[in-house]
Amino acid sequence: MAYDGTSSEGTTADREQLDFRERLATMFRESPLPPEQLMFNLGLYTRSSLLVKFLFLHDVYQRIRMVPGVLIELGVWWGQNLVLLENLRAIHEPFNKQRVILGFDTFSGYRTFSDEDVVGDVMADGTYSTPAGYREYLERLLEVHEGANAFGHRRGGHRLIEGDACETVPRYFDEHPETLVAMAFFDVGTYKPTMAALEAMKSALVPGSVLVFDQLTWPGAPGEAIAFKQVFRDIDYTIEKSALYPSKSIVTLR
Ligand SMILES: C[S@@+](CC[C@H](N)C(=O)[O-])C[C@H]1O[C@@H](n2cnc3c(N)ncnc32)[C@H](O)[C@@H]1O
């Protein structure tokens, strides 16, 4: 499977599809729309593989709307999901300023492999790294979205926590023992950070909490499933494959 930089599983597209994607990228780069019109007409260039991510997150948000607690993404990369979550929060619960959104990432790509992981093209030291200063850029971007949304004068609903999740997630839960988790999106894929995060947030889960796993059934990232099976051995939950996005699994605490 080739890695085209768009997803954690690479691409199964054939040459012709890749050519069409390249043509779309060229048409986007050469768009005749003025920038302010382009921002409001991005659907012109949104492929189904991106649209489904929006629809999927919307499905997840609807499930946790009545569940108290924070929203977490473990493995942020460029942070699109965090921006979507902020905007879904603004749509579904504009006055809920206690819905804190947390993103954990090294911002310098993959780190901390173990025997449970498959290191390859997609997952290797430093893949998915972002340019220097990207966390600060994403912080400003989230603040701008929050400020532009309803009730925007009350800001401060996001935290980006930089570093190896093996250390940062347990530390966060130690320092914030009051935290409940409404939703956590696991998208690191490797064993140790997934395990550390699951262990750290286990006691913060409540009935209705939703955990999304990006790669639970992908043989390229067995560490995620291994960690899940170990931690969830004694937890009562339901699990389903997303109807919209078959590679994603949705776990709901009973
Ligand atoms: C597949 S990408 C996440 C994609 C993102 N969730 C999305 O949907 O666009 C995986 C991310 O995990 C991060 N990562 C890998 N190992 C990590 C670790 N030990 N601690 C924190 N972040 C890590 C990488 O930097 C990368 O941004």
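Everything numeric here is computed off the predicted structure, so don't read it as measured data. Counting starts at 1 for both ligands and their atoms, following the listed order.
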task = Scan Leu85, Ile101, Ile250 and name whichever one has a side-chain contact (heavy atoms from CB on, under 4.5 Å) with Met183.
result = Leu85

inquiry  = For the 3.5 Å polar cut-off, considering only N or O atoms, please tell me whether Gly75 and ligand 1 meet it.
reply    = yes

ask   = For ligand 1, does Pro193 get within less than 4.0 Å through its side chain, its backbone, both, or neither, judged by non-hydrogen atoms?
value = side chain

Gly189 near ligand 1 by a heavy-atom separation under 4.0 Å = no

note = Ranking Thr106, Asp187, Leu84 by closest non-hydrogen atom to atom 23 (C) of ligand 1, top hit is Thr106

key: Heteroatom proximity flag, Val188 to ligand 1, N/O under 3.5 Å   = no

key: Candidate with minimal heavy-atom separation from atom 2 (S) of ligand 1, of Tyr128, Phe107, Trp78   = Tyr128

inquiry  = Using heavy atoms and a 4.0 Å limit, tell me yes or no: is Cys166 in contact with ligand 1?
reply    = no

task = From atom 13 (C) of ligand 1, work out which of Asn81, Asp105, Ile161, Leu82 has a heavy atom at the shortest distance.
result = Asp105

request  = Using a strict 4.0 Å threshold on nitrogen-to-oxygen distance, state whether Arg89 and Glu86 make a salt bridge.
outcome  = yes

Arg65 bridged to Glu93 by N-O distance under 4.0 Å = no

Under-4.0 Å salt bridge between Glu139 and Arg135 = yes

ask   = Hey, are Lys192 and Glu224 close enough for a salt bridge, meaning a charged N less than 4.0 Å from a carboxylate O?
value = no

Atoms in ligand 1 with a heavy atom of Gly163 nearer than 4.0 Å = 20 (N), 21 (C)

message = I'd like to check which ligand 1 atoms, numbered from 1 as shown, lie under 4.0 Å from a non-hydrogen atom of Asp164.
response = 18 (C), 19 (N), 20 (N)

message = The test is ring-ring contact (aromatic ring centres under 6.0 Å, His included); show your working for Phe56 and His58 and say whether it passes.
response = CA-CA 5 Å; Phe56 171 73; His58 183 245; over 10 Å; no

ask   = Is ligand 1 under 4.0 Å from a heavy atom in the side chain of Glu73, in the backbone, in both, or in neither?
value = side chain

Salt-bridge criterion met for Arg23 and Glu16 (N-O under 4.0 Å) = no

ask   = Side chain, backbone, both or neither: which part of Val76 has a heavy atom under 4.0 Å from ligand 1?
value = backbone

key: Asp187 and Lys248 ion-paired at < 4.0 Å   = no

query = Under the ring-ring contact (aromatic ring centres under 6.0 Å, His included) criterion, do Tyr191 and Phe228 qualify, and how do the steps go?
reply = CA-CA 9 Å; Tyr191 175 73; Phe228 168 71; over 10 Å; no

Within-cut-off N or O pair, Thr127 and ligand 1, under 3.5 Å = no

